[in-house]
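No experiment lies behind these values; they were computed from the predicted model shown. All heavy atoms count here, side chains included; hydrogens, waters and symmetry mates do not.
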Amino acid sequence: MAGGTREVPVNSSPAVAANAEGEEIEVLESTDVLPVAPEDQWKSLFDKYDPENSGFISTERFRDLLAAHGSELDPHKLEVLLALADGNADGKICYQDFVNLMSNKRSNSFRRAILQGSRQIKGCSLRDEVGLGLSQQLVRHIAYETLPREVDRKWYFDSYTYCPPPWLILAITIAEVAVFMYYGFQLDRLVLQVSSPLFLKSPLPYHPQLRAQAWRYLSYIFMHTGIEHLSLNMAMQLLVGVPLEMVHGALRIGLVYVCGVLAGSLAVSVTDMTAPVVGSSGGVYALVSAHLANVVMNWSGMKCQFKLFRMAMALVCMSVEFGRAVWLRFYPPAFPPCPNPSFVAHLGGVVVGLTLGVVVLQNYEQRLQEQSLFWIFFCVYTLFVLCAVFWNIFAYSLLDVRLPPPP
């Protein structure tokens, strides 16, 4: 190991690997093999190094275990395991931590164990490695773009397999382009499609007169006011959303995106009650604002190149798109009394990104269900959704809001 870490002799047998969820273990056998899944088969190996049945093994014995039984682990994973052995202030490892480590399960206890004593992992930076292929360079670049800690970057670099690929953001973007092209040919218009009398007749946009059709609170993301609207949203969605999905997975990123989309349409129904909504800005702004907030909160740890310039460009794109939406909202509508689409969905997405989104992106190691702050923000978000639903049911009639005619 570089940087002073003691070498652990390993044989040339293949590495212990885990699937993308970290739930199963695949071990390719060597002369002195590790047991395979299920988890209880790790017990026999652990007991061999815990003859007193104390439930713990010392870090020295853990090193011996890696030396005697370890397959040839990926170098960064081995470095992290050795850092755990060197930096564990208790000097011992319990059985559950042992299973988590050897089966490649990510856990918050693993992170805490590595950081005990404010110890830094030894070895060279991932950025200094040479001889990487194009795909490896891409993964390394994304690791530095999205993760503030070297231990996370190294673990992610050796764990990522492109399986599954970042399909969610790509699928949403392709669907948005396909819908836009369909209506572009149908309306015979690509720029400012919203000025066409047939634009809002689609079953996709949110319209206050049709708010009882619940799918419109989500489906509006597939309609855009024009190619200029689609282009800006698509650029931010791909440049930010795809790398985030590669690191955090479709479940986490999809949760932030959908929550931003739903918060956007509900925010419009509460604050801009007569306006329709189109565009994916609610979801896009949730992802972008969460990512930018994560960069700012971990500024010293983020080692991405030109991070200040990149943040400035992201803010410029968001400002241009938001300014355009504000201008369009107050521009005289082509078909009064129906106003142009609202800009409030952007603000709903930003609020989701700065609260729920930041929590989701901050804790790379920890599962969502283990995060107390995540549940606090999720409960607040759920309360907002319920209040907005009741508002949509009762407030329009109580306030005697004069709605534009249905499209």
Contact summary for Pro407 and Lys201, nearest pair of heavy atoms: C-NZ, 3.4 Å
Residues forming a salt bridge (charged side-chain N to carboxylate O under 4.0 Å, His left out) with Glu176, sequence neighbours excluded: none
Exam field: side chain Lys307 to backbone Val295, donor-acceptor pair closer than 3.5 Å: no
Note, His224 side chain near Ser231 side chain (heavy atom, < 4.5 Å): no
Side-chain donor-acceptor contact under 3.5 Å, Tyr183 with Ser202: yes
Pair Leu287-Ile169, side-chain contact (heavy atoms from CB on, under 4.5 Å): steps then yes or no: CA-CA 11 Å; Leu287 292 180; Ile169 296 298; 4.0 Å; yes
Atom pair CG (Leu204) and CG (Leu218), whose distance is rounded to the nearest 0.5 Å: 11.5 Å
Side-chain heavy atoms of Arg402 within contact of Thr274, under 4.5 Å: no
Over 12 foreign heavy atoms within 6.0 Å of CH2, Trp167: no
Sub-4.5 Å side-chain heavy-atom contact between Gln362 and Gln371: no
Plane angle bin for Tyr160 and Tyr156 - parallel if under 30°, tilted between 30 and 60°, otherwise perpendicular: tilted
Between OH on residue Tyr285 and CG on residue Leu347, distance to nearest 0.5 Å: 9.0 Å
side-chain contact (heavy atoms from CB on, under 4.5 Å) evaluation trace for Tyr257 with Glu245: CA-CA 11 Å; Tyr257 190 89; Glu245 185 180 349; over 6 Å; no
Inter-residue atom distance Arg252.CZ - Leu361.CG, 0.5 Å rounding: 8.5 Å
Exam field: side chain Tyr144 to backbone Arg153, donor-acceptor pair closer than 3.5 Å: no
Qualifying side-chain hydrogen bond (donor to acceptor under 3.5 Å, both in side chains) pairs with a residue from residues 389-400, counting only residues at least two apart or across chains: Tyr217-Asn392, Ser269-Asn392
Minimal non-hydrogen separation, Pro339 against Pro333, with atom names: CA-CB, 4.1 Å
Validation row: Leu138, Leu134 side chains within 4.5 angstrom (heavy atoms): no
From CA spacing to verdict: side-chain contact (heavy atoms from CB on, under 4.5 Å), Leu170, Leu238: CA-CA 7 Å; Leu170 292 176; Leu238 292 175; 3.9 Å; yes
Contact summary for Gln237 and Val284, nearest pair of heavy atoms: OE1-CG2, 3.3 Å
Within 6.0 Å of CZ in Phe378, more than 12 heavy atoms from elsewhere: no
Any side-chain heavy-atom pair of Met223 and Pro205 under 4.5 Å: yes
His346 vs Glu321 side-chain heavy atoms within contact, under 4.5 Å: yes
Within-4.5 Å side-chain heavy-atom neighbours: Val194 and Pro341: yes
Residue pair Gln213, Tyr206: steps toward the side-chain contact (heavy atoms from CB on, under 4.5 Å) verdict: CA-CA 9 Å; Gln213 298 176 358; Tyr206 167 83; over 6 Å; no
Distance-minimising heavy-atom pair for Phe374 and Leu368: CD2-O, 3.5 Å
Qualifying residues under ring-ring contact (aromatic ring centres under 6.0 Å, His included), relative to His207, sequence neighbours excluded: none
Atom pair SG/CD1 of Cys379 and Ile376 - distance to nearest 0.5 Å: 8.5 Å
Exercise: identify the closest heavy-atom pair between Leu168 and Gly254: CD2-CA, 3.4 Å
Geometric class of the Phe330/Phe343 ring pair [parallel <30°, tilted 30-60°, perpendicular >60°]: tilted
Atom of Leu328, atom of Asn340 and distance for their closest heavy-atom approach: O-ND2, 2.8 Å
Atom CH2 of Trp375 with >12 non-hydrogen neighbours under 6.0 angstrom: no
Rounded distance [0.5 Å steps], CG in Leu200 versus SG in Cys338: 5.5 Å
Tyr182, OH: over 12 other non-hydrogen atoms inside 6.0 angstrom: no
Main-chain N/O of Leu132 paired to Gln137 side chain as donor or acceptor, under 3.5 Å: yes
Sub-4.5 Å side-chain heavy-atom contact between Glu228 and Val191: yes
Value rounded to 0.5 Å, distance of NE2 in His291 from CG in Leu239: 10.0 Å
